[in-house]
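Before any comments, here is the structure.
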Amino acid sequence: MPKRQKTPKRGPATLAIHGRERRRKAHHAVSTPIVQTSNYSFESMTEVVEFMTAKGQGRIIREQEYGRYGNPTQQEAERKLAAIEGAGRAILFSSGMSAVILTLMAYMKKDGHIIFTSDCYRQTRDFATNFLTKFGVQNTIVAPDAKAIEKAIRPNTNIIFTESPTNPFLRVLDLPAIVQVARRHKVLTMIDATLATPHNIRPLELGVDFVIHSATKYLGGHNDLLAGVTLGAHALLEDLNKLQRMIGAIPGPLTCFLLERGLKTFPLRMEHHNRAGLQVARALEKHPKVEKVWYPGLKSHPDHIIAKQQMSGFGSMISFLVKGDVKATRQFIDALEVFLITPSLGGTESLVTQMSTMSFFDYPLEYRQSIGMTDNLVRVALGLEDPEDIIADLYQALAQI
Ligand SMILES: *Cc1c(COP(=O)(O)O)cnc(C)c1O
């Protein structure tokens, strides 16, 4: 009989369903049980002493101790996320933003400097400009480009924080080029890859140190939970693990159950998102009432070549300009029947937003226009409905302006 390989390399669908290894679940359950408890008991003082002694020596003889330090449902979701990303470790948080902020806080330095790329998630940018500066941590926001990043490096720079693809213009960064710059200057790299997901891009394999996702989006995938995750090499994540245990910004057991369940269909859902994204982006580009479309899978996108090299699919978020003023744009959105008016992305339902009204309402008009948030900019995040129905809905709504 041929000798069985100890850890066979599994495909993405198998990893999404079983993780790297099959573990016995409580009560022989097939699905991951929701362990709704805040703390865990010991059978005897002997067991406590054994546990504490091992812990002091850096050995973990049981994972459960106190709720803030982790929950079995959470640990199962973390193991599966690490398997899907090809990471040594995954650390879950109660939201994408708590993953972003706590990862920055765990690795930033006193009097240090962090480089962010423009067109990144608004709350991340606001945290950098309004909060980090209060603690004496400087930041520079540069164009999403390796050369601009290298130019911004200072002697005290210790983190490059990027996002790819960006939101809403879906700029795709040349990650190997950024990694080269970071290594030359001994700087850590972090990427918020929420819009790409591990299905479409593999930043760790390209040399990035930390990958962050808002699991609220494609990973959860059903518009029904909030969570965030940071992934990377096991030892590198230890400082973040300590901070997570201190702060306890973790998702509850039910959220972890929903996330872990959602992950089972993650590769299937992504195949659909990628296919629908391209189909709908092409249909929009053809329409006479659409002025411009941003989708990395289209030849017209400024980063199409890099996107094709780095990504295996382009997701289902599409930004476009309708031919019309603020009133016509709102009329178009109101006429949509399949889409729900709300931000977010990556779930089962298709969503639509007018960026200038929903994400940038409180910014001065001049600033909004300087960063391209014009009133006729619409962002759609496709769900899992039939792409033909989505196209028909967009076309009937465009016909009304
Ligand atoms: C949604 C999102 C976040 C924030 O995630 P939450 O789960 O809403 O906190 C961060 N980055 C990107 C790119 C996002 O799309």
Side-chain angles (χ1 to χ4, degrees), residues 12-13 16-17 96 165 167-168 170 194-200 213-227 258-290 292-298 301 311-322 329-355 357-359 376-401:
I17 292 166
N167 168 20
L170 299 145
T194 300
L195 267 59
T197 81
H199 192 79
N200 287 339
H213 299 289
S214 164
T216 310
K217 315 295 169 54
Y218 291 109
L219 292 169
H222 293 74
N223 288 325
D224 59 4
L225 63 85
L226 278 171
L258 290 170
L259 174 58
E260 196 267 340
R261 180 192 213 266
L263 288 175
K264 294 182 190 188
T265 54
F266 169 67
L268 291 175
R269 289 186 285 104
M270 287 313 296
E271 289 297 323
H272 183 103
H273 280 300
N274 287 343
R275 211 169 35 241
L278 194 57
Q279 203 175 328
V280 175
R282 283 182 177 150
L284 278 169
E285 202 168 39
K286 274 203 283 232
H287 198 285
K289 287 199 182 139
V290 173
K292 189 174 166 65
V293 180
W294 286 269
Y295 184 75
L298 293 178
H301 191 276
M311 302 177 74
S312 46
F314 313 103
S316 63
M317 197 169 101
I318 306 164
S319 296
F320 56 99
L321 299 177
V322 296
T329 309
R330 289 184 184 159
Q331 215 174 334
F332 158 71
I333 291 175
D334 283 339
L336 289 166
E337 289 168 7
V338 175
F339 288 81
L340 300 168
I341 304 174
T342 173
S344 200
L345 68 133
T348 34
E349 293 79 11
S350 286
L351 316 176
V352 59
T353 63
Q354 183 190 25
M355 295 301 288
T357 310
M358 296 183 75
S359 302
N376 60 338
L377 176 67
V378 177
R379 193 189 79 186
V380 290
L382 310 182
L384 299 180
E385 303 94 341
D386 295 295
E388 296 74 18
D389 291 339
I390 291 175
I391 293 169
D393 193 33
L394 289 163
Y395 274 36
Q396 68 76 23
L398 282 166
Q400 298 191 36
I401 59 170

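The model shown is predicted, which means the values in this text are computed figures rather than measured ones. For the single chain, residues carry numbers from 1 onward in sequence order.
Within the structure, side chain to side chain donor-acceptor pair (under 3.5 Å) contacts touching residues 331-347 (residues at least two apart or in different chains) do not occur.
Atoms CE and NZ, from Met317 and Lys217 in turn, are 9.0 Å apart once rounded to the nearest 0.5 Å. Here the straight-line distance linking atom CG of Asn167 with atom CG of Leu345 works out to 7.5 Å at 0.5 Å rounding.
Side-chain atoms of Tyr295 never come within 3.5 Å of backbone atoms of Val280 as a donor-acceptor pair (strictly under, hydrogens ignored). Proximity of a side-chain donor or acceptor of Lys289 to a complementary backbone N or O of Leu398 within less than 3.5 Å is detected. In this structure a side-chain-to-backbone donor-acceptor pair under 3.5 Å is missing from His199 to Tyr218. With hydrogens and angles ignored, the 3.5 Å screen pairs no side-chain donor or acceptor of Ser214 with any backbone N or O of Thr194. Of the possible donor and acceptor atoms, none in the side chain of Arg275 sits under 3.5 Å from a partner among the backbone N and O of Pro387. Between the Thr216 side chain and the Ala227 main chain, a donor and an acceptor come within less than 3.5 Å of each other. The main-chain N or O of Leu219 is found under 3.5 Å from a side-chain atom of Arg269 such that the two form a donor-acceptor pair. Of the possible polar contacts, one joining the Gln396 side chain to the Ala335 backbone as a donor-acceptor pair under 3.5 Å is found. Put simply, the side chain of Glu385 gets close to the backbone of Ser350: a donor and an acceptor are under 3.5 Å apart.
Listed here is the closest heavy atom pair of Pro267 and Lys264: CD-O, 4.3 Å. Of all the heavy atoms in Ser319 and Leu377, the pair that sits closest is CB-CD1, 4.2 Å. Scanning both residues, Pro343 and Met358, for their nearest heavy atoms gives CD-CE, 3.7 Å.
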> Given the rule in the side chain to side chain contact (heavy atoms under 4.5 Å, CB included) test, do Gln354 and Phe332 qualify, once you have shown the distances and angles that lead to the verdict?
Replying inline: CA-CA 10 Å; Gln354 183 190 25; Phe332 158 71; over 6 Å; no
> Please walk me through it: do Phe339 and Leu394 pass side chain to side chain contact (heavy atoms under 4.5 Å, CB included)?
Replying inline: CA-CA 9 Å; Phe339 288 81; Leu394 289 163; 3.9 Å; yes
> Which is it for Leu351 and Arg379 under the side chain to side chain contact (heavy atoms under 4.5 Å, CB included) test, yes or no, and what are the steps along the way?
Replying inline: CA-CA 8 Å; Leu351 316 176; Arg379 193 189 79 186; over 6 Å; no
